[in-house]
Number of protein chains: 4
Amino acid sequence: MAGSNAPNENKKEKEAVIFDAACKVIRSKGFHQARITDIAQAAGISYGLVYHYFRSKADLFEAIQREWWQSLLNMMDVSDRKSISPEEKLADVVHYFLDVYENRPDMVHIFITEISRASSNLTPENLEWFKIFMSRTENIMAEAQSGRILRSDIRARYLTYIFLGGLETFLSTMVLENQPLKGRTQKQRIADAILEVFLNGARPKP
Amino acid sequence: MAGSNAPNENKKEKEAVIFDAACKVIRSKGFHQARITDIAQAAGISYGLVYHYFRSKADLFEAIQREWWQSLLNMMDVSDRKSISPEEKLADVVHYFLDVYENRPDMVHIFITEISRASSNLTPENLEWFKIFMSRTENIMAEAQSGRILRSDIRARYLTYIFLGGLETFLSTMVLENQPLKGRTQKQRIADAILEVFLNGARPKP
Amino acid sequence: MAGSNAPNENKKEKEAVIFDAACKVIRSKGFHQARITDIAQAAGISYGLVYHYFRSKADLFEAIQREWWQSLLNMMDVSDRKSISPEEKLADVVHYFLDVYENRPDMVHIFITEISRASSNLTPENLEWFKIFMSRTENIMAEAQSGRILRSDIRARYLTYIFLGGLETFLSTMVLENQPLKGRTQKQRIADAILEVFLNGARPKP
Amino acid sequence: MAGSNAPNENKKEKEAVIFDAACKVIRSKGFHQARITDIAQAAGISYGLVYHYFRSKADLFEAIQREWWQSLLNMMDVSDRKSISPEEKLADVVHYFLDVYENRPDMVHIFITEISRASSNLTPENLEWFKIFMSRTENIMAEAQSGRILRSDIRARYLTYIFLGGLETFLSTMVLENQPLKGRTQKQRIADAILEVFLNGARPKP
DNA sequence: TATGAATGAGCTTTCATTCAT
DNA sequence: AATGAATGAAAGCTCATTCAT
């Protein structure tokens, strides 16, 4: 066994260092304002070295986006495979976002400010991920409508907007005000508020 | 008769032309990527002239933000003075956003992508406006809680997030997918969906 | 008689207003930093009007230089025609500069900072005036050497430099420190110091 | 052996190349007219590189001024430490200027046209250097007055003006007419003329 | 005469990217 | 792997000058 210093492993590690530094800088300055110099400085390396690991600044940003979407959709795959109820699937989504916010707040910040909104960053690839995520959430809504858990006189797509909107605005405000998530209890309370209001609000009329 | 060509009026008109051109360009490229050249071209003037009407690019962007916030808060003033119920006040907010989206979609787009989210654009002045808007919406929520229209076991601030979040995500998606608002009916349906789910979802338990 | 408002007189007056305003602005910012807008503002007119009276910014500056040199050389003509002694001619030069400094300090300032030194302003025409002035002063020196008033073992040209240098540095310091000339007595004292040191220092050995 | 190509040395060398190129360009066009492009071209590098070594155009100009004043005041320190007579100290000043003119005529040119006169370039720092230089020269004059070498009925400050004025006008004319200093003899002759006329002219009456 | 809107060349500065070492 | 010197395209802003009114 080559040990933890195998060349390939080193490479991955350094790549991760640059990746994290990039997230940190992009979070505070926005993608277009983040300079390679800033990222290199944050990573503690020379700026020339960034180009050994990433083809270009755009490439680095694409890697961040890809990482975000793959991780999110992977969670939805797992959630699907557990073949749980629609309510639990929605709860999984909410908890996933809150967990990532707790562990990698930069990623959520970038998603909120640079990926989910800024249309100037909308590469065709990114838009594709976006649509997939929306349509998978819409599927959960449709499933819930079939099971009479959610009212059917509002389009599944509209319900999707309302649900993700509440979640996003919560995150957005925490992100903009730099609020840390204080422990399990607060996370649970927020998750409950979002889920309860939505499920309650969209419950079919008896 | 002074006619419609009084010099001052001309000046205001040209300023508006540049303002609108700037909105259009900022909408499609984002603020930092919008070049003065683009704006001038969109306005059909030479770029030097932009500086006749606006001190700098930042000044132009500030003017757009100021216009947005003043118009929004003005609507809330009017809504307040009508001394209507909290539900009607929330309906006013929803309809205001949908109306602006119908008439000046660029403004809503910029609000969604550049003002409400991008923290790198957060001037202290802008943050101030933001807080005022949030706190005025929170007041409506508190008022509704007092009147037993909304449940009181969720903080007024959380209710604010959930409400504005749904609205924003609707707009955001329409904005990102360039969906036009097709007439009064669709606008009403969307408004109803947002309001009903929210009011229903946050109604006090009997 | 048309009175003081004859059109031509008006034109001359306005021209003089612009001229003086230009001197004031050029004095404080230097020629290249002086903007037409500044000059127009100082003159209390619109900037477009400057171009009715002067072909261009360079033209305006040339007018100022011409005015300076013509006035100076005119004084030397008068001094020559009085057929006075070389000492008196040198005294005339010193007093002329001090008088102009008292009445039109801007002109002296511009001469010191923009005309006599800055080689980047040296138009061929300006250089011509300069040489004429130098050579006429040199003539006075030569005349004084012939009359055994000044020593002959130092070239007349060198004496010219030393003489004008002392005068210029006096003016330069007053100009840079914005010292006003306080009355006849101070003017006389300065003139005496310059003249005495020079004449004494350059007196032939007995 | 590290050799002459140690990285730090290279850096200093390149910085010096840019510095000299800047002097050359500023000399011929004046500071405000000197473009970064000109300087880069004169230095044989791309203009982007200028910003690698100097923060800005103003920074580059400040470096030139600092170099000038530090070198000049350093000479005066050395001259003081030799504890020589006031006459010799004045001679040191004159020879210093003539030496620099011989070896680095650009520096003298810039001093004459851009530093010593142009009030639009007068940064507070520059003004401070200026005052120090003036007051140290004045000290020499006062010392000479105490020792009965110079007359005391003219203020030491006035004597300073007259002395530096002669020197400056010499240099100024050589500079403006691009006269090269032709060897030791001419330098000595000029120095003698300046010193002799001044010391003679300002000698106390017997 | 008088105004100031309009133009665009020209300049400084930034920064992604390349490449020699 | 790693550095940072070097390049130059690109963008913001200024301001002399023109011209319609």
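Protein chains get the first letters and strands the later ones, always in sequence-line order, with residue 1 at the start of each. Excluded from the calculations below are hydrogen atoms, water molecules and symmetry mates; all remaining heavy atoms, backbone and side chain alike, are included.
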### Query
Does any residue of residues 15-23 of chain B have a heavy atom under 4.0 Å from DNA chain E, and if so, which ones, in number order?
none
### Message
So, taking the atom named CD in Glu114(B) and the one named SG in Cys23(B), what distance separates them when rounded to the nearest 0.5 Å?
### Response
11.0 Å
### Message
By the 4.0 Å heavy-atom rule, please label Phe54(D) as base, sugar-phosphate, or nothing.
### Response
nothing
### Task
Provide the closest heavy-atom pair for Asp106(A) versus Lys24(A) in the form atom of the first, atom of the second, distance.
OD2-CA, 3.5 Å
### Task
Rounded to the nearest 0.5 Å, what's the gap from NZ on Lys57(B) to CD1 on Ile26(B)? Could you check?
8.0 Å
### Task
Using Watson-Crick or G-U wobble pairs with both distances under 3.5 Å, give me DNA chain E in dot-bracket, 5' to 3', with [ ] for crossers and | for pairs to another strand.
.||||||||||||||||||||
### Message
Whole angstroms only, please: what is the CD1-P distance between Ile26(B) and dG12(F)?
### Response
11 Å
### Message
Between C1' on dG12(F) and CZ on Phe61(B), what's the gap in Å once rounded to a whole number?
### Response
17 Å
### Summary
ring pair (Phe, Tyr, Trp, His ring centres under 6.0 Å) with Phe61(A): of Phe31(A), Trp68(A), Phe19(A), only one passes, and it is Phe31(A)
### Task
Measure the spacing between CE of Met107(D) and CZ of Arg27(D) and express it to the nearest 0.5 Å.
12.5 Å
Donor-acceptor contacts, no H, no angles, side chain residues 36-50 of chain B, under 3.5 Å, sequence neighbours left out:
residue  : atom : partner  : partner atom : Å
Asp38(B) : OD1  : Arg35(B) : NH2          : 2.8
Asp38(B) : OD2  : Lys29(B) : NZ           : 3.2
Asp38(B) : OD2  : Arg35(B) : N            : 3.1
Asp38(B) : OD2  : Arg35(B) : NE           : 3.1

### Message
Nearest whole Å is fine: how far is dG4(F) P from Gln41(A) CD?
### Response
11 Å
### Query
Lys14(B) side chain N/O closer than 4.0 Å to the phosphate oxygens (OP1, OP2) of dA6(E)?
yes
#### Entry: 4.5 Å side-chain heavy-atom contact, His109(C) and Ile112(C)
no
### Query
Backbone N or O of His32(B) within a donor-acceptor pair of the His32(A) side chain at under 3.5 Å?
no
### Whole-Å gap separating P (dA11(F)) and CG (Asp38(B))
8 Å
### Task
Under the ring pair (Phe, Tyr, Trp, His ring centres under 6.0 Å) rule, collect the residues that match up with Phe130(B), sequence neighbours excluded.
Trp69(B)
#### Entry: Upstream residue (5' side of DNA chain F) when Val50(D) and Leu49(B) are each assigned their closest nucleotide
Val50(D)
#### Entry: Whole angstrom value for the distance that separates P of dT21(F) from CG of Asn10(B)
11 Å
### Query
Is there a side-chain contact between Lys14(B) and Tyr53(B), using heavy atoms and a 4.5 Å cut-off?
yes
### Query
dA2(F) C1' sits how many Å from Lys11(A) NZ, rounded?
14 Å
### Message
List the residues meeting salt bridge (Lys or Arg N to Asp or Glu O under 4.0 Å) with Glu67(B), not counting sequence neighbours, and say none if there are none.
### Response
Arg104(B)
### Query
Where along nucleotides 14-20 of chain E does protein come under 4.0 Å, by heavy atom, of base (B) or sugar-phosphate alone (S), with - for untouched nucleotides?
BSSBB--
